Participant: 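Sharing a structure here in structure tokens format.
Since we're looking at a predicted model, the values are computed, not measured. In each ligand, atom 1 is the first atom listed, and ligand 1 is the first ligand listed.
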Amino acid sequence: MGFKPIFEYFCTALNLTAVIDTLQIKTTKTSHPRLAETDFNNLPFGKIYTDHMFVADFEDGEWKNFEIMPYGEIQMSPAISALHYGQAIFEGMKAYRLPNGEISVFRANKNLERFNISADRMAMPTLPEEIFMQAVSSLIALDKGWVPSQENYSLYLRPVMFATDTSLGVRASDTYKFVLLATPTGPYYNKALKVKIETKYTRANEGGVGYAKTAGNYARSLYPFAQAQKEGFDQLIWTDSATHNYVEESGAANLMFVIDGKIVTAAVGETILNGITRDTLIALAKNKGIEVEERKVSVAEIIEGIKNGSLTEAFAVGTAATVTQIGEIGFEGELYKLSDVSERTISTSLAKELNDIRYGLKDDEFGWNWIV
Ligand code: PLP
Ligand code: COI
């Protein structure tokens, strides 16, 4: 047994996460730090990046060239295949500042798991855990001043991998770049949403890539989203491609409903992203004794539930979205108004519990916080 497994064994026994710098990351610090001049009271989602970023290359069948460098442009050929054939995947996770000043990244292991599921589906190389963990911990170590301390704010981490071969033949690229960006951010949405049940366009289909966090899923959503915005909606609720009778998820979040006091959410599968916030809230709800049904959820049931009062809450759940209330649902030209947000006890209590764990205000009994 070498040093690393022994070290990791003791860390596991002590409930510590072992992150040792085995990558020998080349680090170049910025000569123009921007932290002091950044207005933390004005942080629109994903617009301001921290001083540094982590990059790595996949070449000759292995990951190499691990580097932390000042955030900025990377020179690329316009022939890279990510631009032409769309081999590009990403993740989204958040780092929180705890009351004792430590920084915690929430359930990052699940993001890595999903990143590698996306990579497999898109015929891209997977990313080993040690690279992912060291990328996150090293970048945060350098840019930890950028983790906000205001309520509901965090440092959003965006790992992305894209194909860099410059040959135009349609085949999986042999080379890739991995980049980890960090952006301090507040809530993605700041009001209850008016959403439209989409029955013409689809986000995903059986046999497709809906469960992968890949660029094309977002690209194909933009036109229908823009149409819905023109009609005054904030977001879409996607339905299944075969019948449009079942709700799937939203544009950047999964969906949950409270019907007859139970949480009802679409079962994840090939067409729905397996959301980590969704999984977390299901665990918290079950722990509180709230019944959760993961199954097909029909549009008819939603509309009927609003009409007869059995549907009392509807909310979108995701890393960027956190828990965002849905105020109104549009379907076939009708607008259905939901209960007042102040009356929503289940989603608001779950959202509070989730936040308290993330911000270290409540015991992390599930072991979700990774202290970096
Ligand atoms: N569905 C889509 C399409 C998303 O983009 C996201 C955001 O990541 C989610 C669901 C929610 O996933 P998570 O809770 O893991 O962020
Ligand atoms: C996230 O919640 O991390 C997402 O990826 C949503 C994003 C597309 C805004």
Participant: Quick one: sort the Phe40 and Trp146 rings into parallel, tilted or perpendicular, breaks at 30° and 60°.
Facilitator: tilted
Participant: Checking contacts here: is it the side chain or the backbone of Arg114 that comes within 4.0 Å of ligand 1, counting heavy atoms only? Could be both or neither.
Facilitator: side chain
Participant: Taking only residues two or more places apart in sequence, or in another chain, which ones meet Lys110 in a salt bridge (Lys or Arg N to Asp or Glu O under 4.0 Å)?
Facilitator: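 Result, salt bridge (Lys or Arg N to Asp or Glu O under 4.0 Å) vs Lys110: Glu113.
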Participant: List the closest protein heavy-atom neighbour of atom 1 (N) of ligand 1: residue, atom name, distance to the nearest 0.1 Å.
Facilitator: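 Looking at atom 1 (N) of ligand 1, the protein heavy atom closest to it is Glu249 OE1, 2.5 Å.
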Participant: As a test of reading the model: which residues have a non-hydrogen atom less than 4.0 Å away from ligand 2?
Facilitator: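 Phe45, Phe90, Gly92, Tyr156, Arg158, Tyr188, Lys213, Tyr218, Ala252, Thr319, Ala320.
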Participant: My understanding is that only one of Glu91, Lys94, Lys213 makes a side-chain hydrogen bond (donor to acceptor under 3.5 Å, both in side chains) with Asn111; could you say which?
Facilitator: Glu91
Participant: Starting from atom 5 (O) of ligand 1, which protein heavy atom do you reach first, and at what distance in Å?
Facilitator: Tyr218 OH, 2.6 Å
Participant: Measuring from non-hydrogen atoms of Ala252 to any atom of ligand 1, is the shortest distance under 4.0 Å?
Facilitator: yes
Participant: Quick one: list whatever passes salt bridge (Lys or Arg N to Asp or Glu O under 4.0 Å) with Lys196, sequence neighbours left out.
Facilitator: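 For Lys196, the residues satisfying salt bridge (Lys or Arg N to Asp or Glu O under 4.0 Å) (neighbours in sequence not counted) are Glu198, Glu231.
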Participant: Can you tell me if Gly251 has a non-hydrogen atom under 4.0 Å from ligand 1?
Facilitator: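 Yes, that is the case, since the closest heavy atom of the residue is under 4.0 Å from the ligand.
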Participant: Please list every donor-acceptor pair under 3.5 Å in which a side-chain atom of residues 121-129 meets a protein atom from a residue at least two apart or in another chain.
Facilitator:
residue : atom : partner : partner atom : Å
Arg121  : NE   : Gly208  : O            : 3.3
Arg121  : NH2  : Gly207  : O            : 3.3
Arg121  : NH2  : Gly208  : O            : 3.4

Participant: What I'd like to find out is whether the side chain of Ile263 reaches to under 4.5 Å of the side chain of Ile290, using heavy atoms alone.
Facilitator: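 Answer yes - side chains close enough.
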Participant: I'd like to know if Glu293 and Lys262 make a salt bridge, using a cut-off of under 4.0 Å between side-chain N and carboxylate O.
Facilitator: yes
Participant: Going by heavy atoms, is Met93 under 4.0 Å from ligand 1?
Facilitator: no
Participant: Do NZ/NE/NH1/NH2 and the carboxylate oxygens of Glu249 and Arg278 come within less than 4.0 Å?
Facilitator: no
Participant: Quick one: do Asp51 and Lys29 make a salt bridge, cutoff under 4.0 Å?
Facilitator: no
Participant: Under 4.0 Å from any heavy atom of Arg203, which atoms of ligand 1 are there?
Facilitator: 3 (C)
Participant: Who's the nearest protein heavy-atom neighbour of atom 16 (O) of ligand 1, and how far?
Facilitator: Thr319 OG1, 2.6 Å
Participant: Can a salt bridge be assigned to the pair Asp57 and Lys64 using a cut-off of 4.0 Å between side-chain N and carboxylate O?
Facilitator: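 Salt bridge between Asp57 and Lys64, a charged N being under 4.0 Å from a carboxylate O: no.
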Participant: For Gly275, take its heavy atoms, then give the atoms of ligand 1 lying under 4.0 Å from any of them.
Facilitator: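 It comes down to these atoms of ligand 1: 12 (O), 13 (P), 14 (O), 15 (O).
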Participant: I'd like to check which ligand 1 atoms, numbered from 1 as shown, lie under 4.0 Å from a non-hydrogen atom of Gly318.
Facilitator: 11 (C), 14 (O), 16 (O)
Participant: Just one of Asp279, Thr277, Asn369 clears the side-chain hydrogen bond (donor to acceptor under 3.5 Å, both in side chains) bar with Arg107, so which one?
Facilitator: Asp279
Participant: Could you tell me the residue and atom name of the protein heavy atom closest to atom 14 (O) of ligand 1, and the distance to it rounded to 0.1 Å?
Facilitator: Thr277 OG1, 2.5 Å
Participant: Any idea which atoms of ligand 1 are less than 4.0 Å away from a heavy-atom of Lys213?
Facilitator: 4 (C), 5 (O), 6 (C), 7 (C), 8 (O)
Participant: Between Phe115 and Phe132, is the ring centre distance below 6.0 Å?
Facilitator: no
Participant: With nothing but distance in play, are any N or O atoms of Ile276 less than 3.5 Å from an N or O of ligand 1?
Facilitator: yes
